[in-house]
Amino acid sequence: MRERRPFFRVFTVTQQEAAAQQIEAAIAAFHAGEFAVTITLAGAAEDMAPDKENGLWASIRDNPNRPIGERKAWVASLNETRNWLKHEKAEASRALVAFEAGVFILRAMDKWEPWTPPMIAFHDLWFSSPKLMRPEDYSPEVGE
C-alpha cells in the first residue's frame with residue numbers, strides 16, 4: 001500500500017548519512033548549474049564535521065602564501081559567498097562561479113569518509129578536468 005500521508009513519514013539518519021545526502025545533492029546541483037544550492041548544501045555538510053587536521057580546508061585556510069595577510073580576513077574571503085547566501089547582505093546579486101562551488105564540495109567531502117559513488121565520480125571528474133583546476137578560466141557572466 002502506498003503511503004498517503006507524506007508528512008507523517010519519519011526517517012532516522014546519522015550525521016554521516018545526512019552529510020552524504022547533502023554532498024550528493026550538492027553534486028547534482030553543481031551539474032545542473034545551481035551553484036547557490038551547491039554552496040549552501042556543501043557548506044552545511046562541511047559545518048557538521050569537526051575540523052580535520054591537515055585537511056583540505058586547513059591547508060587552504062593556513063596557506064602561508066595566501067593573498068590576504070590577516071587570517072580572519074582570509075577566512076572571511078574564502079567563505080564570503082556561503083555567508084552571502086546565509087545572511088542578509090547589502091549586495092542584491094552576486095556572481096556564482098563553478099570553480100568556487102566545486103571547491104565547496106571538495107571541502108565537505110574531505111571531512112566525510114567513506115565517499116559514496118557520486119562523490120568518487122565528482123572527485124575523479126574534478127581532478128581529470130584541467131579547466132576545473134584553473135580559476136582564471138571562470139569569469140562571471142556580465143549582463144549586457
Side-chain angles (χ1 to χ4, degrees), residues 2-3 6-7 9-144:
R2 184 175 168 175
E3 172 65 60
F7 299 109
R9 295 173 67 190
V10 176
F11 296 95
T12 302
V13 296
T14 65
Q15 282 193 319
Q16 172 77 32
E17 292 165 335
Q21 289 177 11
Q22 290 172 321
I23 294 168
E24 288 180 0
I27 291 168
F30 177 87
H31 291 303
E34 297 171 346
F35 301 141
V37 175
T38 300
I39 293 167
T40 301
L41 287 171
E46 180 187 16
D47 284 349
M48 289 173 63
D51 277 342
K52 180 179 178 182
E53 190 173 328
N54 299 319
L56 176 64
W57 170 242
S59 66
I60 294 170
R61 179 194 65 211
D62 301 335
N63 181 348
N65 299 319
R66 63 182 175 245
I68 299 173
E70 183 189 345
R71 182 175 187 234
K72 188 174 182 177
W74 173 238
V75 169
S77 174
L78 293 171
N79 290 325
E80 187 175 352
T81 300
R82 183 186 70 176
N83 292 341
W84 180 84
L85 290 164
K86 288 171 49 175
H87 307 290
E88 184 178 348
K89 298 288 181 192
E91 309 175 304
S93 65
R94 182 172 189 84
L96 301 178
V97 182
F99 180 82
E100 182 179 27
V103 169
F104 269 96
I105 292 171
L106 294 172
R107 283 172 50 175
M109 285 174 48
D110 184 55
K111 290 186 174 181
W112 292 102
E113 293 181 28
W115 290 348
T116 64
M119 292 179 208
I120 293 167
F122 182 82
H123 178 270
D124 292 347
L125 172 67
W126 184 271
F127 287 103
S128 69
S129 300
K131 281 201 172 255
L132 287 174
M133 296 303 298
R134 297 177 43 190
E136 65 270 14
D137 289 332
Y138 294 93
S139 57
E141 294 178 19
V142 179
E144 304 276 332

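Quick note: residue numbers are just sequence positions, from 1. Note that the coordinates shown come from a computational prediction; the quantities given were computed from them, not determined experimentally.
- Separating the CZ atom in Phe11 from the CD atom in Glu17 is a distance of 12.0 Å, to the nearest 0.5 Å.
- Using a 4.5 Å heavy-atom threshold, the side chains of Phe104 and Leu41 count as separate.
- Side-chain contact between Pro114 and Met119: absent, with no pair of heavy atoms (C-beta onward) separated by less than 4.5 Å.
- The shortest non-hydrogen separation linking Ala45 to Ala108 is CB-CB, 4.2 Å.
- For the atom pair CD1 (Ile39) and CZ (Arg94), the distance works out to 8.5 Å, reported to the nearest 0.5 Å.
- Phe30 and Phe35 have tilted rings, their planes meeting at an angle from 30° to 60° on a 0 to 90° scale.
- Of all heavy-atom pairs spanning Val37 and Ala29, the tightest one is CG1-CB, 3.7 Å.
- The heavy-atom pair separating Met48 from Ala19 by the smallest distance is CE-N, 4.2 Å.
- Contact of the Arg71 side chain with the Asp62 side chain is registered, since non-hydrogen atoms from C-beta on lie closer than 4.5 Å.
- Taken to the nearest 0.5 Å, the NZ atom of Lys72 stands 14.5 Å off from the OG atom of Ser77.
- Atom CD of Glu53 sits in a sparse spot, with 12 or fewer heavy atoms from other residues, nucleotides or ligands closer than 6.0 Å.
- Side-chain contact check for Lys52 versus Trp57: every heavy-atom pair is 4.5 Å or farther apart.
- Nearest heavy atoms, Ala44 versus Gln22: CB-NE2, 3.6 Å.
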Q) Do Asp110 and Leu106 pass the side chain to side chain contact (heavy atoms under 4.5 Å, CB included) test, and can you show the C-alpha distance, the side-chain angles, and the key distance before you say yes or no? A) CA-CA 6 Å; Asp110 184 55; Leu106 294 172; over 6 Å; no

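- A donor-acceptor distance shorter than 3.5 angstrom exists from the side chain of Trp74 to the backbone of Ile60, with no hydrogens or angles considered.
- Taking each heavy atom of Trp115 and Met109 in turn, the nearest pair found is NE1-O, 2.8 Å.
- Side-chain contact check for Asp51 versus Lys111: some heavy-atom pair is nearer than 4.5 Å.
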Q | Stepwise side chain to side chain contact (heavy atoms under 4.5 Å, CB included) test for Asn79 and Arg107 | A | CA-CA 11 Å; Asn79 290 325; Arg107 283 172 50 175; 2.8 Å; yes

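- The two residues Val103 and Trp126 make their nearest non-hydrogen contact at N-CH2, 3.9 Å.
- The side chain to side chain contact (heavy atoms under 4.5 Å, CB included) with Ile27 is formed by just one residue from the set Thr38, Ile105, Thr116; it is Ile105.
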